[in-house]
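Below is one structure; the comments refer to it alone.
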Amino acid sequence: MALGPNRQVFQTSIRYAMDAAAERGGVVCTASTAGIVEYRVVPTGSTVYPVGVLLDDVEDLNFDRHPEYLQREVVDIGSVVGLCNKGEMQTNLIVGTPAQGQPAYLHPSGYVGPTRLTDGVNPAPQIGVFRTAKDANGYATVLVDL
């Protein structure tokens, strides 16, 4: 689980779909197809636009063999997903060792970290600020403002 239970969501968006399996808690960006978001493998470039933190697990569901999950937010591949644009949340999708107050930058595959990556021309976008350092379980609280 990448998204911890302690979170305070101020603003959400449900205008995007995701067409690949994904774990909640990472930062998604716009894809080349309109209305689709994805975890970017390369977090730099002129076309990298982070839009929010994924609030749903995206799985390849077969409702003929398994009933709908009611214990957690799970959507089928290609479905509309919930994204947090503003809020505080705990995540363990973290690269490096953040400290309280450090900026949080986009890293590959939806991870966040305290170091800013660059491709030589375009730096990775800042997605928020770390509110805490990593705890014993590897989670840190991040204030997201996208």
Side-chain angles (χ1 to χ4, degrees), residues 1-61 68-146:
M1 179 167 92
L3 193 60
N6 296 330
R7 58 182 166 257
Q8 189 171 14
V9 178
F10 304 132
Q11 182 177 330
T12 60
S13 171
I14 54 169
R15 70 175 61 132
Y16 298 99
M18 192 156 193
D19 60 1
E23 183 179 20
R24 63 184 176 225
V27 179
V28 293
C29 300
T30 56
S32 57
T33 305
I36 302 292
V37 291
E38 65 186 1
Y39 283 144
R40 295 295 291 255
V41 177
V42 180
T44 58
S46 60
T47 61
V48 175
Y49 303 109
V51 291
V53 175
L54 187 63
L55 297 175
D56 306 319
D57 284 322
V58 182
E59 298 177 1
D60 188 8
L61 299 175
E68 182 179 358
Y69 289 102
L70 299 176
Q71 303 90 341
R72 62 187 171 99
E73 282 293 319
V74 181
V75 297
D76 199 11
I77 291 175
S79 298
V80 173
V81 292
L83 303 175
C84 173
N85 306 107
K86 286 187 179 187
E88 278 187 4
M89 57 210 58
Q90 286 182 317
T91 184
N92 66 354
L93 292 180
I94 298 170
V95 175
T97 308
Q100 181 177 347
Q102 276 187 310
Y105 298 105
L106 182 64
H107 277 251
S109 302
Y111 282 71
V112 296
T115 57
R116 179 173 247 171
L117 302 177
T118 182
D119 62 4
V121 177
N122 303 295
Q126 181 177 347
I127 59 101
V129 176
F130 286 101
R131 290 290 192 167
T132 64
K134 282 186 189 177
D135 63 14
N137 296 321
Y139 285 85
T141 302
V142 180
L143 173 65
V144 175
D145 187 6
L146 293 170

Which heavy-atom pair separates [X] from [Y] by the least distance, and what is that distance?
| X | Y | answer |
| --- | --- | --- |
| I36 | D19 | CG2-OD1, 3.7 Å |
| P125 | P43 | CD-O, 3.5 Å |
| E23 | A2 | OE2-N, 3.3 Å |
| C29 | R40 | CB-CG, 3.4 Å |
| G78 | A17 | O-CB, 3.8 Å |
| A124 | R116 | O-NE, 2.9 Å |

Determine yes or no for a side-chain-to-main-chain donor-acceptor pair under 3.5 angstrom, with [X] supplying the side chain and [Y] the backbone.
| X | Y | value |
| --- | --- | --- |
| K134 | N92 | no |
| N85 | L146 | no |
| D119 | N122 | yes |
| Y49 | S46 | yes |
| D135 | N137 | yes |
| H107 | L117 | no |
| T141 | T132 | no |

Rounded distance [0.5 Å steps], [atom1] in [X] versus [atom2] in [Y]:
| X | Y | atom1 | atom2 | answer |
| --- | --- | --- | --- | --- |
| L83 | L54 | CG | CG | 6.5 Å |
| L143 | F10 | CG | CZ | 7.0 Å |
| T97 | Q102 | OG1 | CD | 9.0 Å |
| I77 | D60 | CD1 | CG | 4.5 Å |
| L55 | E73 | CG | CD | 8.5 Å |
| Q8 | R131 | CD | CZ | 10.0 Å |

Stepwise side-chain contact (heavy atoms from CB on, under 4.5 Å) test for V51 and V37: CA-CA 8 Å; V51 291; V37 291; 3.6 Å; yes

Presence of salt bridge, D56 and R24, under 4.0 angstrom: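 No, R24 and D56 are not salt-bridged.
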
I127/V142 under side-chain contact (heavy atoms from CB on, under 4.5 Å): CA gap, chis, key distance, verdict: CA-CA 9 Å; I127 59 101; V142 180; 4.1 Å; yes

Test side-chain contact (heavy atoms from CB on, under 4.5 Å) applied to V28 and Y39, step by step: CA-CA 5 Å; V28 293; Y39 283 144; 3.5 Å; yes

